[in-house]
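Step one of this worksheet: look at the structure below.
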Amino acid sequence: MKKIIDYLFYRYYIISIKNEEFPRFGATCVLSEIVTITYLFIILILSFVLTGDFFLPNTSEETRIIIGIIGCFLPWIIIYLFYNKKTINTLLEKYKDNVYNVKYSDKTVLSIRYVIPTVGLLLMFFLYQFK
């Protein structure tokens, strides 16, 4: 899993450089968006599996706020602090001649942001049939 996240950060970093944006900040924002969406869908699906209802029905308001804060803000901070200049330089050397750089276009890599919510929603609709 770490290899996939490292590669995604590398690709978002390169895409940000091509678009003349702030590369570390831009790559962090896109990757943390993906991690946040995945985290929240996992929480919703686990809630359904454990309680039979989405949106954590047996939890207090404070617990929901804590889960939301952990899911929304913590990934951004962790990703930004983890991928420092040394780590980024290591990734640039490691994935420079990767076969997937040519195989998948930038638009394909950026579209992962839309695939994850779509798959999550479809999975939620599928699970809702068993309620």
Side-chain angles (χ1 to χ4, degrees):
M1 189 65 166
K2 183 176 177 343
K3 286 178 117 179
I4 294 171
I5 292 174
D6 283 346
Y7 181 72
L8 286 175
F9 185 86
Y10 164 77
R11 284 298 296 264
Y12 295 140
Y13 188 84
I14 297 300
I15 291 169
S16 295
I17 289 174
K18 287 179 187 177
N19 292 334
E20 299 175 4
E21 299 170 352
F22 299 106
R24 182 178 174 201
F25 181 77
T28 300
C29 287
V30 174
L31 189 60
S32 65
E33 176 186 354
I34 291 172
V35 170
T36 298
I37 290 170
T38 305
Y39 168 80
L40 293 176
F41 273 118
I42 288 172
I43 292 294
L44 290 174
I45 291 169
L46 280 177
S47 172
F48 181 80
V49 169
L50 296 175
T51 65
D53 193 13
F54 297 112
F55 309 116
L56 305 167
N58 298 328
T59 57
S60 65
E61 186 72 25
E62 294 84 19
T63 306
R64 290 180 191 177
I65 290 171
I66 291 171
I67 290 172
I69 288 172
I70 289 171
C72 293
F73 298 111
L74 199 59
W76 195 94
I77 294 168
I78 291 172
I79 290 169
Y80 191 79
L81 293 177
F82 180 77
Y83 290 105
N84 53 24
K85 289 183 181 183
K86 182 180 176 184
T87 309
I88 291 171
N89 288 334
T90 304
L91 290 177
L92 290 174
E93 292 175 13
K94 182 177 179 181
Y95 294 114
K96 183 178 182 181
D97 297 323
N98 195 323
V99 68
Y100 295 115
N101 293 343
V102 178
K103 190 173 182 179
Y104 299 114
S105 68
D106 293 345
K107 289 181 181 180
T108 304
V109 174
L110 286 172
S111 68
I112 291 174
R113 295 186 299 179
Y114 307 112
V115 170
I116 291 175
T118 305
V119 169
L121 285 173
L122 290 174
L123 187 58
M124 286 175 66
F125 287 138
F126 175 74
L127 288 174
Y128 191 72
Q129 301 301 316
F130 298 107
K131 185 176 179 180

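What you see is a predicted model, and the numbers here were worked out from it, not measured in a lab.
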### Task
Just say parallel, tilted or perpendicular for the rings of Y10 and Y7, cut-offs at 30° and 60°.
tilted
- Query: Any luck finding a side-chain donor-acceptor pair between T63 and S60 under 3.5 Å?
  - Reply: yes
Any side-chain donor-acceptor pair under 3.5 Å between T87 and N84? yes
Linked hydrophobic residues, [X] as query - side chain contacts closer than 4.5 Å:
X: F73; value: I65, I69
X: F25; value: F22, W76, I77, Y80, L81
X: V119; value: V115

Hey, could you give me each pair passing salt bridge (charged side-chain N to carboxylate O under 4.0 Å, His left out) that has a residue in [range]? Not counting sequence neighbours.
range: residues 55-74; answer: none
range: residues 27-37; answer: E33-R113
range: residues 86-108; answer: R11-D106, K18-D106

Interatomic distance, CZ@F125 vs CG@L121, rounded to 0.5 Å, equals 5.5 Å
Value for CD1 (I37) from OG1 (T118), rounded to nearest 0.5 Å, stands at 9.5 Å
Is there a side-chain contact (heavy atoms from CB on, under 4.5 Å) between T28 and Y12 once you walk through the steps?
CA-CA 8 Å; T28 300; Y12 295 140; over 6 Å; no
| task | Given side chain to side chain donor-acceptor pair (under 3.5 Å), test D6 with Y95 step by step and report yes or no. | result | CA-CA 9 Å; D6 283 346; Y95 294 114; 4.8 Å; no
Are [X] and [Y] grouped together when hydrophobic residues (ILVMFWY) are joined by side-chain heavy atoms under 4.5 angstrom apart?
X: Y114; Y: L31; answer: no
X: F82; Y: I79; answer: yes
X: L40; Y: I66; answer: yes
X: L44; Y: L122; answer: no

Hey, is the main chain of I43 close enough, under 3.5 Å, to the side chain of S47 for a donor-acceptor pair? no
- Item | Any donor-acceptor pair under 3.5 Å from R24 side chain to Y83 backbone | yes
Margin query: Walk me through whether Y100 and V109 qualify under side-chain contact (heavy atoms from CB on, under 4.5 Å).
Written below: CA-CA 10 Å; Y100 295 115; V109 174; over 6 Å; no
Start with the C-alpha distance between L123 and F41, add both sets of side-chain angles, then the distance that settles side-chain contact (heavy atoms from CB on, under 4.5 Å), and finish with yes or no.
CA-CA 9 Å; L123 187 58; F41 273 118; over 6 Å; no
